[in-house]
Amino acid sequence: VLHKLKVYLTVMSRDKFYFDIDAEAVNHFKSVCNCPQLNIADPPESKKALLLNATNSYLSQGNEFFKKLLNNSEAFQIRPELVSSVIRAFYKVMWNKADPLHRRIKFILM
């Protein structure tokens with residue numbers, strides 16, 4: 001999934017890939033890692049594994065579509081593991097400042 005996302009970011013016609021999150025999801029991430037000042041777009045390296053694991057929860061999603069997918073994947077006839085893999089791939093690219101594709105991601109607080 002990570003490879004597919006990187007290919008898409010390379011060939012997409014738009015300049016940015018937009019992904020949104022809301023304050024409730026950010027607060028969930030903050031509580032998971034016990035970091036009240038967490039910048040989810042650029043977390044400390046020591047917290048990334050914990051935060052990646054937290055992306056499996058619908059509570060860490062501000063994007064309504066992904067929230068619904070994680071909360072009730074059967075209704076969409078999609079494997080929850082696939083949904084989680086897509087979300088983790090997004091965060092891995094966004095957090096990897098050494099990857100030039102990182103600059104194509106636009107993370108928006110709604």
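No hydrogens, no waters, no symmetry mates; every other heavy atom, side chains included, goes into these values. By convention here, the first residue in the shown sequence is residue 1.
- A donor-acceptor contact closer than 3.5 angstrom is absent between the side chains of Asn53 and Arg88.
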Show, in sequence, the C-alpha distance, side-chain angles and deciding distance for Lys106 and Asp20, and conclude whether the salt bridge (Lys or Arg N to Asp or Glu O under 4.0 Å) test is met.
CA-CA 8 Å; Lys106 184 74 172 172; Asp20 59 283; over 6 Å; no
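- Judged by distance alone, the side chain of Arg104 and the main-chain N or O of Lys16 form no donor-acceptor pair under 3.5 Å.
- Grouping the Ile, Leu, Val, Met, Phe, Trp and Tyr side chains by contacts below 4.5 angstrom, directly or via other members, places Phe65 with Leu82.
- Tyr91 and Val7 fall into different hydrophobic clusters, where Ile, Leu, Val, Met, Phe, Trp and Tyr are joined by side-chain heavy atoms under 4.5 Å apart, directly or via other members.
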Could you give me the CA-CA distance, side-chain angles and deciding distance for Val93 and Phe17, then say whether side chain to side chain contact (heavy atoms under 4.5 Å, CB included) is met?
CA-CA 11 Å; Val93 173; Phe17 179 89; over 6 Å; no
Assess the residue pair Tyr58 and Phe66 against the criterion (ring pair (Phe, Tyr, Trp, His ring centres under 6.0 Å)); give the C-alpha distance rounded to whole Å, side-chain angles, the decisive distance to 0.1 Å, and a yes or no.
CA-CA 7 Å; Tyr58 75 95; Phe66 281 105; over 10 Å; no
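- Side chains of Leu70 and Gln61 form a contact here, defined as non-hydrogen atoms less than 4.5 Å apart.
- Annotation for Phe76: atom CZ counts as buried by contact number, over 12 foreign heavy atoms lying within 6.0 Å.
- Environment of CG in Asp15: sparse, with no more than 12 heavy atoms of neighbouring residues, nucleotides or ligands closer than 6.0 Å.
- Side-chain contact check for Leu101 versus Thr10: some heavy-atom pair is nearer than 4.5 Å.
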For Lys6 and Asp99, what are the C-alpha separation, side-chain angles and deciding distance, and is it a side chain to side chain contact (heavy atoms under 4.5 Å, CB included)?
CA-CA 10 Å; Lys6 287 183 170 194; Asp99 188 335; 3.1 Å; yes
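- Between Ser73 and Arg79, the closest side-chain pair of non-hydrogen atoms is not below 4.5 Å.
- In this structure, the separation between SG on Cys35 and CD1 on Ile40 is 9.5 Å, given to the nearest 0.5 Å.
- In the hydrophobic cluster analysis, where Ile, Leu, Val, Met, Phe, Trp and Tyr join through side-chain heavy atoms closer than 4.5 angstrom, Phe107 is grouped apart from Met110.
- Panel note: side chain Ser57, backbone Ala54; no donor-acceptor pair is recorded below 3.5 Å.
- Between Leu50 atom CG and Phe29 atom CZ the span is 10.0 Å, to the nearest 0.5 Å.
- Judged purely by atom type and a 3.5 angstrom limit, Asn27 uses its side chain to pair as donor or acceptor with the backbone of Ala23.
- Without hydrogens or angle criteria, Trp95 side chain to Glu45 main chain gives no donor-acceptor distance under 3.5 Å.
- In the hydrophobic clustering of ILVMFWY residues, with side-chain heavy atoms under 4.5 Å counting as a link, Leu52 and Leu2 come out together.
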Working for side chain to side chain contact (heavy atoms under 4.5 Å, CB included), residues Val32 and His28:
CA-CA 6 Å; Val32 164; His28 179 72; 3.6 Å; yes
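- Under the side chain to side chain contact (heavy atoms under 4.5 Å, CB included) rule, Ser84 has a single partner from Val1, Asn56, Thr55, which is Asn56.
- Nearest heavy atom pair, residue Pro43 against residue Leu38, reads CB-CD1, 3.7 Å.
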Is there a side chain to side chain contact (heavy atoms under 4.5 Å, CB included) between Lys68 and Asn63 once you walk through the steps?
CA-CA 9 Å; Lys68 288 178 181 178; Asn63 180 285; over 6 Å; no
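- The nearest pair of heavy atoms linking Ala41 to Met94 is CA-CE, 3.8 Å.
- Between Lys48 and Asp42, none of the side-chain N atoms (NZ, or NE/NH1/NH2) sits under 4.0 Å from a carboxylate O, so this pair counts as no salt bridge.
- One finds the CD atom of Glu74 at 10.5 Å from the CG atom of Leu69 (value rounded to the nearest 0.5 Å).
- Ile108 and Leu51 are not part of a single hydrophobic cluster, where members link through side-chain heavy atoms under 4.5 Å apart.
- Taking 4.5 Å as the limit, every side-chain heavy atom of Lys30 sits out of range of all side-chain heavy atoms of Pro36.
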